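Some notes on the structure that comes next.
Throughout, residue positions are numbered sequentially from 1 according to the sequence presented. Model, not experiment: these values are computed from the prediction. All values below were derived from every heavy atom in this structure, side-chain atoms included, with hydrogens, water molecules and symmetry-related copies excluded.
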Amino acid sequence: MAKNRTQQAADWIAGECLAVRLRMLLRVVNGIYDDALRPLGLRVGQLNLLVALSKMGETTPTRLGRRLRIEKSTLSRDLERMIAAGWLQTLPGDDGRSHRLQATEAGRRLLVDALPRWREAQKQAQRLLGASACRSIADAADALWNEDPAD
């Protein structure tokens, strides 16, 4: 009987859970973008950070992470790699303990260079998801971006 209840729970969650379904879609969509950006040595998560920093201008890692809803250790790891690659730089903060981030000239060039590859990946992802889903995703993401969580 426990197996039956377990199977019912699994069937229910697998069939209805948005998080489960979104995670699967995210892995597929990330793969499309990562494949397109790989020749530039760039991953879509790094592109996301570069785009956000370019839009926000100079900002702190904390503010960037909150804006993008990225877990602190994941953000730190990606920022370290991007700084080591020369795409981002740190600047002194308001006190001796903090720092700010900004895209370097190399990072800004990379963003421009990534645009054609991003466009191709975008077309593939749009074909996969369909116009209606793409609009819904964009609307939900825009609402979160515009929310600008408090520091």
Side-chain angles (χ1 to χ4, degrees), residues 6-91 98-151:
T6 301
Q7 188 61 51
Q8 287 174 339
D11 289 345
W12 184 269
I13 293 169
E16 299 293 328
C17 183
L18 291 174
V20 167
R21 290 170 174 230
L22 282 172
R23 288 177 64 86
M24 179 186 62
L25 286 171
L26 183 60
R27 285 189 292 272
V28 172
V29 171
N30 275 352
I32 291 169
Y33 287 92
D34 283 345
D35 288 347
L37 297 169
R38 188 170 290 114
L40 299 174
L42 185 64
R43 295 180 55 96
V44 72
Q46 295 166 329
L47 179 68
N48 182 38
L49 295 173
L50 197 53
V51 167
L53 273 170
S54 296
K55 287 180 65 73
M56 295 173 74
E58 192 179 290
T59 193
T60 65
T62 299
R63 186 161 170 76
L64 178 65
R66 284 183 181 158
R67 177 58 80 91
L68 295 175
R69 278 69 171 183
I70 296 176
E71 194 271 326
K72 193 174 187 173
S73 65
T74 301
L75 178 64
S76 294
R77 184 175 53 247
D78 285 342
L79 291 176
E80 285 174 13
R81 289 176 181 159
M82 294 176 74
I83 291 167
W87 302 333
L88 303 178
Q89 66 182 356
T90 59
L91 304 167
S98 65
H99 65 278
R100 295 168 294 146
L101 297 165
Q102 73 177 18
T104 63
E105 180 60 34
R108 291 188 291 275
R109 268 194 321 270
L110 180 62
L111 186 56
V112 171
D113 291 346
L115 185 59
R117 293 176 178 283
W118 172 85
R119 282 185 174 138
E120 287 303 313
Q122 183 78 351
K123 287 178 192 174
Q124 287 180 1
Q126 287 172 329
R127 280 193 301 271
L128 172 71
L129 298 172
S132 176
C134 289
R135 276 191 303 278
S136 294
I137 291 167
D139 290 346
D142 287 348
L144 288 172
W145 176 266
N146 292 327
E147 193 175 278
D148 194 13
D151 285 304

- Message: Measuring from atom CZ of R81 to atom CD1 of I83, what distance do you get when rounded to the nearest 0.5 angstrom?
- Response: 12.5 Å
- Could you state the interatomic distance from CD (Q102) to OG (S54), rounded to the nearest 0.5 Å? 10.0 Å
- Message: Between T104 (side chain only) and Q89 (backbone N and O only), is there a donor and an acceptor less than 3.5 Å apart?
- Response: no
- Query: Under a 4.5 Å cut-off applied to non-hydrogen side-chain atoms, are N48 and I70 in contact?
  - Reply: yes
- Any L64 side-chain heavy atom under 4.5 Å of L79 side chain: yes
- Might you point out which heavy atoms bring L47 and A114 nearest each other, and give the distance in Å? CD1-CB, 4.2 Å
- Message: Nearest 0.5 angstrom please: C134 SG to R127 CZ, how far?
- Response: 11.0 Å
- Message: Could you check whether any side-chain N or O of R69 sits under 3.5 Å from a backbone N or O of L144, counting only pairs where one atom can act as donor and the other as acceptor?
- Response: yes
- How would you list all residue pairs meeting salt bridge (Lys or Arg N to Asp or Glu O under 4.0 Å) that involve residues 34-51, not counting sequence neighbours? D34-R43, D35-R38
- Distance in Å, R108 CZ paired with L88 CG, rounded so as to fall on 0.5 Å steps: 10.5 Å
- Compute whether any side-chain donor of one residue and acceptor of the other, for Q124 and Y33, lie under 3.5 angstrom apart. no
Please list every donor-acceptor pair under 3.5 Å in which a side-chain atom of residues 22-30 meets a protein atom from a residue at least two apart or in another chain.
none

- Do H99 and P61 come within less than 4.5 Å of each other through their side chains, counting heavy atoms only? yes
- Query: Under 4.0 Å between a Lys/Arg side-chain N and an Asp/Glu carboxylate O for E120 and K123?
  - Reply: yes
- Item | Minimum heavy-atom distance between A103 and L50, given as atom pair plus value | CB-CD1, 4.0 Å
- Going from CG on L68 to CG on D78, what distance comes out if it is rounded to the nearest 0.5 angstrom? 11.0 Å
- Message: I want to check something: taking the side chain as every heavy atom from C-beta on, are W87 and L49 in contact at a cut-off of under 4.5 Å?
- Response: no
- Message: Regarding R77 and E80, does a basic nitrogen lie under 4.0 Å from an acidic carboxylate oxygen?
- Response: no
- Gap between atom CZ of R63 and atom CG of L53 - 0.5 Å precision: 11.5 Å
- Please check if the side chain of R135 supplies one atom and the backbone of G130 the other of a donor-acceptor pair under 3.5 Å. no
- Any sub-3.5 Å donor-acceptor pair from T90's side-chain atoms to L101's backbone N or O? no
